[in-house]
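Numbering starts at 1 and runs along the sequence shown. As the structure lists them, so they are numbered: ligands from 1, and atoms in each ligand from 1.
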Amino acid sequence: MLKLASQTPPGWAERAVASLDEILLDHAHCEKKAAGFAVTLIFQYPGHPELMAPLSALAREELAHFEEVLRQLSIRGLSFGRQQPSPYPGRLREIVAKQEPGRLLDMLLCSAVIEARSCERLGLLAEALPDPALAAFYSGLRAAEARHHGIYVDLACQIAGRDKTRARLEEFTQHEARVLDRAPTHPRLHNA
Ligand SMILES: [Fe+2]
Ligand SMILES: [Fe+2]
C-alpha cells in the first residue's frame, strides 16, 4: 500500500526529462540522504533493537542506489557535486515531534512518505524517459522505494501500533501534499 494524499501533476515528468542532468544529480543526493537518515536513526535509537537490522539493510541498499546513480552520472559525462537542495525534506520535518513520545514515530513516517513520493516519481520518470536502459533502471528503483515505504510503515506499527500509525500517517501525507503544493518549480525529484 502506497500512501500519498496527492498525485504529481501532469507535466512534471516531461519537465524532469527535459532537465535530466539536474534531476540525476538531485537523485544522487536523495539516495545519499536516504542512507544517511537510516544510519542517523540507528545512532539515535540504540534502545530499539528491532530497528537496527532493517535500517542497516535499508541504508546499505540506499548506498547501492547512490552508487548506481553515480554510475549514470558518469555515463553521461557528469560528475557528482554540490547542488542547491530542495526545501522538501526540511519542510516535511516541520511537523515532526521535538520529543518522545512521538518523535520516533514521526521520523519513521516522514521517511515512509518520502519513500512513497520517490516511488511515485521514479515510476513517472521510468514511463517518460526515452532511453530504455535508463527507464529500466528507474523502474527497478521504483520497486525498491515502494518496499522501503513498507519497511518504514511496518517499523512504525511495531513502535506505536497500527491505529496510531495509520492516523499519524494520514497527517503526514496531508502535510506532504501541502509542502509539494508550495514547492519551487526548479527541477528536483521532490519539487513541484
Ligand atoms: Fe533508494
Ligand atoms: Fe528508499
Side-chain angles (χ1 to χ4, degrees), residues 1-5 8 12-13 16-17 20-45 50-76 78 80 83 85-86 88-93 96 104-129 133-159 165 169 172-173 176 179-180 187-191:
M1 144 217 82
L2 263 194
K3 188 81 177 99
L4 287 170
T8 289
W12 177 85
V17 169
L20 190 58
D21 292 1
E22 265 196 275
I23 289 290
L24 276 171
L25 178 57
D26 179 51
H27 183 194
H29 281 283
C30 287
E31 298 292 358
K32 178 197 65 170
K33 277 185 260 183
F37 190 70
V39 172
T40 298
L41 287 176
I42 288 173
F43 274 88
Q44 290 184 347
Y45 292 97
E50 70 276 31
L51 300 180
M52 299 298 122
L55 289 178
S56 174
L58 194 148
R60 278 188 286 117
E61 202 176 349
E62 301 292 20
L63 279 180
H65 292 173
F66 175 58
E67 292 168 37
E68 287 170 26
V69 185
L70 289 180
R71 204 151 37 242
Q72 295 295 338
L73 284 170
S74 158
I75 288 169
R76 283 160 185 78
L78 304 166
F80 184 74
Q83 186 185 44
S86 162
Y88 175 81
R91 297 228 170 111
L92 211 49
R93 288 193 189 115
V96 168
L104 173 55
L105 172 64
D106 284 2
M107 297 277 274
L108 293 168
L109 292 181
C110 199
S111 283
V113 172
I114 295 174
E115 297 285 353
R117 184 61 73 185
S118 301
C119 171
E120 186 217 23
R121 293 208 162 175
L122 296 184
L124 292 172
L125 268 181
E127 286 162 18
L129 281 163
L134 195 57
F137 169 68
Y138 274 108
S139 188
L141 285 189
R142 170 202 196 170
E145 307 310 350
R147 188 162 37 75
H148 294 168
H149 168 80
I151 290 169
Y152 276 115
V153 173
D154 285 349
L155 291 175
C157 287
Q158 287 181 48
I159 297 296
T165 296
L169 183 55
F172 263 94
T173 57
E176 194 262 358
V179 165
L180 266 188
R188 297 288 185 274
L189 268 186
H190 299 106
N191 273 358

**Request:** Give the ring-plane orientation class for Phe66 versus Phe80, where under 30° counts as parallel, over 60° as perpendicular and anything between as tilted.
**Result:**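 Rings of Phe66 and Phe80: perpendicular, as their planes differ by over 60°.
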
[X] atom (N/O/S) at minimal separation from the Fe ion (ligand 2):
X      : value
Glu145 : OE1
Glu62  : OE2
His148 : ND1

**Prompt:** Do His27 and Gln72 have side-chain atoms, one donor and one acceptor, less than 3.5 Å apart?
**Reply:**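 Not at all, the side chains of His27 and Gln72 share no donor-acceptor pair under 3.5 Å.
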
**Asked** Could Arg117 and Phe172 be counted as a cation-pi pair, given that NZ or CZ must be under 6.0 Å from the ring centre and within 45° of the axis?
**Response**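 Verdict for Phe172: no cation-pi partner in Arg117.
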
**Item:** Audit row: Cys119, His149, side-chain contact (heavy atoms from CB on, under 4.5 Å) steps and yes/no
**Value:** CA-CA 9 Å; Cys119 171; His149 168 80; over 6 Å; no

**Considering only N, O or S atoms of Glu31, the one closest to the Fe ion (ligand 1)** =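 Of the nitrogen, oxygen and sulfur atoms in Glu31, the Fe ion (ligand 1) lies nearest to OE1.
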
**Asked** Of all N, O or S atoms in His65, which has the smallest distance to the Fe ion (ligand 1)?
**Response**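 Atom name of the closest N, O or S in His65: ND1.
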
**Request:** Supply the atom-to-atom distance Glu176 CD to Leu92 CG, rounded to the nearest 0.5 angstrom.
**Result:**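 Between atom CD of Glu176 and atom CG of Leu92 there are 6.0 Å.
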
**Request:** State whether Glu115 contributes an N/O/S atom found under 2.8 Å from the Fe ion (ligand 1).
**Result:**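 So Glu115 does not count as coordinating the Fe ion (ligand 1).
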
